[in-house]
Protein chains: 2
Amino acid sequence: MTEEIKTVARRHLASDGANLSLRAVARDLGMASSAVYRYFASRDELLTALIIDAYDALGAAAEHAAEGVRGDLDRWLAVALAVRDWALAEPHQWALIYGSPVPGYQAPPDTIGPATRVILLIAAIVREAYEAGRIPDQPPLTGRYAEELAAVAEQFAGRAPARLVGAAMSGFIHMCGAVSAELFGQLTNGVDEDRRGFFEFQMRGAAAFAGLS
Amino acid sequence: MTEEIKTVARRHLASDGANLSLRAVARDLGMASSAVYRYFASRDELLTALIIDAYDALGAAAEHAAEGVRGDLDRWLAVALAVRDWALAEPHQWALIYGSPVPGYQAPPDTIGPATRVILLIAAIVREAYEAGRIPDQPPLTGRYAEELAAVAEQFAGRAPARLVGAAMSGFIHMCGAVSAELFGQLTNGVDEDRRGFFEFQMRGAAAFAGLS
DNA sequence: GCCACAAAGAGAGCAGTGCTCTTGCTTTTC
DNA sequence: GAAAAGCAAGAGCACTGCTCTCTTTGTGGC
């Protein structure tokens with residue numbers, strides 16, 4: 001039942017965005033709106049469920065795309081293009097997880113696990129490349145943020161230097177920005193035909209910043 | 001009067017986000033909700049007015065920051081940091097213009113003018129650097145998107161090559177992504193203290209991609 | 001001074017929303 | 001078979017965007 005509600009809710013998400021109507025979902029299911037509250041304590045809880053599912057679906061798509069691809073750069077590009085493909089297929093789910101936060105909505109801790117799948121995948125790509133000695137040396141970073149990056153590295157990226165972790169995060173952020181820019185209409189009247197090509201161009205730049213090849 | 005409504009609406013924007021209540025705004029002004037409709041035909045029209053104002057304020061802040069700064073890289077960094085500063089000061093206005101689009105809302109053509117101020121400013125920085133011969137040569141781009149970029153260049157960036165225009169747009173997109181990531185909570189548990197430093201690190205990377213120095 | 005007209009606001013009302021509470025029905029469990 | 005638990009329905013509250021009609025207010029022309 002919960003699954004059925006989520007399926008219909010996802011359909012409504014595609015037409016109404018984040019302010020989908022719980023009542024309309026209930027109507028589509030042929031039940032009273034109050035009955036839905038047996039499965040989800042509130043509209044926000046429904047949204048949370050959809051958010052977690054979206055993160056998971058995106059993470060799965062990215063991991064699947066990376067499977068079996070050899071070469072650091074190719075793996076990174078495969079991940080980035082898979083993320084873009086998923087976002088183009090599910091624009092409203094993308095908006096839900098990487099768009100502006102829903103007003104008054106506070107993401108519960110359950111979401112941070114699924115939320116990190118993609119960035120962890122990218123971290124793994126970079127770490128493997130680094131540990132295999134395929135990343136050229138770069139001058140170390142200094143400053144407070146470099147220490148924070150080093151702390152992150154210690155947790156997720158083995159012995160990779162702060163600069164590399166920073167470049168990886170930068171690539172992830174750039175990727176999210178590029179997808180959002182495309183979906184949210186920032187590219188209109190600029191690049192309209194070959195957006196995939198332009199996206200790949202940007203992602204190659206991001207990879208070069210990290211020293212991937 | 002319209003100005004007064006917008007001011008109160010902006011205050012509500014800060015607490016309720018994009019789904020601010022026209023009735024609540026009217027209440028705050030001590031007038032009936034129907035009276036507001038004399039000044040704005042609909043809630044969407046109010047949002048449009050706020051969007052245009054936000055684009056203009058951001059554009060003005062960016063242009064002001066660039067004034068008098070010498071050096072291509074420094075100008076670019078000044079613009080990027082000014083954009084970030086403005087976004088941190090007005091997170092809900094940022095979400096309004098660069099976050100996920102409001103469901104069912106179609107941005108009218110009036111918005112595209114103000115929307116382009118920042119990217120045009122960046123284009124100007126890059127163009128000047130190129131025309132003064134301060135951008136090292138890079139291999140030309142090929143592909144459909146390269147043609148589109150060349151068309152954009154012809155309009156806004158003089159004789160700059162497609163790769164340079166692409167890198168400039170890439171930097172703009174990266175900047176938007178970095179600001180959004182910070183505002184929308186993607187950086188939580190990663191870089192928490194010195195986000196400004198990390199932002200600048202990314203923007204220096206974006207500048208290098210375009211050949212700015 | 002007075003009338004006429006237009007602008008500005010008030011108020012009621014419609015259909016819709018999230019959510020709660022009470023009531024009833026059905027299925028399981030003892 | 002009776003008690004208990006799970007599930008759904010319905011009414012209702014306070015809220016929303018928006019429309020309609022009505023009333024007040026201010027101003028220009030004579």
Side-chain angles (χ1 to χ4, degrees), chain A residues 1-54 92-93 95-96 99-108 110-111, chain B residues 1-54 92-93 95-96 99-108 110-111:
Chain A
M1 195 72 231
T2 54
E3 212 50 52
E4 217 165 320
I5 293 175
K6 285 199 284 183
T7 304
V8 176
R10 256 187 291 270
R11 212 166 55 217
H12 275 81
L13 202 65
S15 59
D16 297 337
N19 54 12
L20 55 81
S21 156
L22 213 148
R23 284 177 115 115
V25 171
R27 254 198 311 274
D28 267 25
L29 286 163
M31 66 205 284
S33 69
S34 53
V36 177
Y37 284 85
R38 226 156 256 286
Y39 302 94
F40 296 95
S42 69
R43 208 192 65 123
D44 279 6
E45 205 175 290
L46 211 191
L47 279 182
T48 299
L50 295 180
I51 287 173
I52 292 179
D53 283 7
H92 293 90
Q93 292 195 54
L96 202 57
S100 29
V102 181
Y105 173 81
Q106 176 72 12
D110 322 27
T111 59
Chain B
M1 195 70 232
T2 54
E3 213 50 51
E4 218 165 319
I5 294 175
K6 284 198 286 183
T7 304
V8 176
R10 256 187 291 268
R11 213 166 54 220
H12 275 81
L13 202 65
S15 59
D16 298 337
N19 53 12
L20 56 81
S21 156
L22 212 149
R23 285 176 113 114
V25 172
R27 255 197 311 273
D28 267 25
L29 285 164
M31 63 205 282
S33 68
S34 53
V36 177
Y37 283 85
R38 279 227 181 250
Y39 303 92
F40 296 95
S42 68
R43 208 191 64 121
D44 280 6
E45 203 175 292
L46 211 192
L47 280 182
T48 299
L50 294 180
I51 287 174
I52 292 178
D53 283 8
H92 292 89
Q93 292 195 53
L96 202 57
S100 28
V102 181
Y105 174 82
Q106 177 71 12
D110 321 28
T111 60

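Numbered from 1 within each chain, the chains take letters A, B, ... in sequence-line order.
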Nearest-angstrom distance from the residue atom [atom1] of [X] to [atom2] of [N]:
| X | N | atom1 | atom2 | value |
| --- | --- | --- | --- | --- |
| Met31(A) | dA8(D) | CE | P | 5 Å |
| Arg43(A) | dC15(D) | CZ | P | 18 Å |
| Asp44(B) | dC18(D) | CG | P | 7 Å |
| Asp28(B) | dT16(D) | CG | P | 11 Å |
| Leu47(B) | dG17(D) | CG | P | 10 Å |

Along DNA chain C (nearest heavy atom to each residue), the more 5'-positioned of Ala35(B) and Arg27(A) |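 Here Ala35(B) is the residue nearer the 5' end.
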Quick one: side chains of residues 39-49 of chain A, donor-acceptor pairs under 3.5 Å with protein atoms, not counting sequence neighbours, listed by atom name and distance.
from	atom 1	to	atom 2	distance (Å)
Ser42(A)	OG	Asp44(A)	N	3.4
Ser42(A)	OG	Glu45(A)	N	3.3
Arg43(A)	NH1	Ala18(A)	O	3.3
Arg43(A)	NH1	Leu20(A)	O	3.0
Glu45(A)	OE2	Ala41(A)	N	3.4
Thr48(A)	OG1	Asp44(A)	O	2.9
Thr48(A)	OG1	Tyr105(A)	OH	2.5

Do Leu13(A) and Leu96(A) come within less than 4.5 Å of each other through their side chains, counting heavy atoms only?
->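 Yes, at least one pair of side-chain atoms sits under 4.5 Å.
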Extract all donor-acceptor atom pairs below 3.5 Å that involve side chains of residues 27-34 of chain A and protein atoms in other chains or at least two apart in sequence.
from	atom 1	to	atom 2	distance (Å)
Asp28(A)	OD2	Arg11(A)	NH2	3.4

Set of residues satisfying side-chain hydrogen bond (donor to acceptor under 3.5 Å, both in side chains) with respect to Asp53(B), sequence neighbours excluded |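 Once residues adjacent in sequence are excluded, the partners of Asp53(B) under the side-chain hydrogen bond (donor to acceptor under 3.5 Å, both in side chains) criterion are Lys6(B), Arg10(B).
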What is the 5' to 3' range of DNA chain C, first to last nucleotide, that sits under 4.0 Å from any heavy atom of chain B?
->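 Footprint of chain B along DNA chain C, 5' to 3': dA8(C) to dG13(C).
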Nucleic acid contacts - residues 9-22 of chain B versus DNA chain D, non-hydrogen atoms under 4.0 Å |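 Result for residues 9-22 of chain B: Leu20(B), Ser21(B), Leu22(B), sorted by number.
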Determine, step by step, whether Leu50(A) and Gln93(A) satisfy the side-chain contact (heavy atoms from CB on, under 4.5 Å) criterion, reporting the C-alpha distance in whole Å, the side-chain angles of both residues, the deciding distance to 0.1 Å, and the verdict.
-> CA-CA 8 Å; Leu50(A) 295 180; Gln93(A) 292 195 54; over 6 Å; no
Contact string for nucleotides 19-25 of chain D, one letter per nucleotide 5' to 3', B = base within protein heavy-atom range under 4.0 Å, S = sugar-phosphate only, - = neither, reads BB-----
Assign Tyr39(A) to base, sugar-phosphate, or nothing according to its heavy-atom contacts below 4.0 angstrom with the strands shown.
->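 Sugar-phosphate contact only.
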Exercise: identify the closest heavy-atom pair between His92(A) and Gly17(A) =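 Scanning both residues completely, I find the closest heavy atoms to be CD2-CA, 4.0 Å.
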Taking all heavy atoms of Ala24(B) and all of Ser21(B), pick out the closest pair and write down the distance.
->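 Nearest pair, atom of Ala24(B) first, then Ser21(B): N-OG, 2.9 Å.
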Which angle, to the nearest 10 degrees, lies between the helix axes at the two ends of the helix from dG1(C)-dC30(D) to dC30(C)-dG1(D), each defined by five pairs?
->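 Answer rounded to 10°: the end axes differ by 10°.
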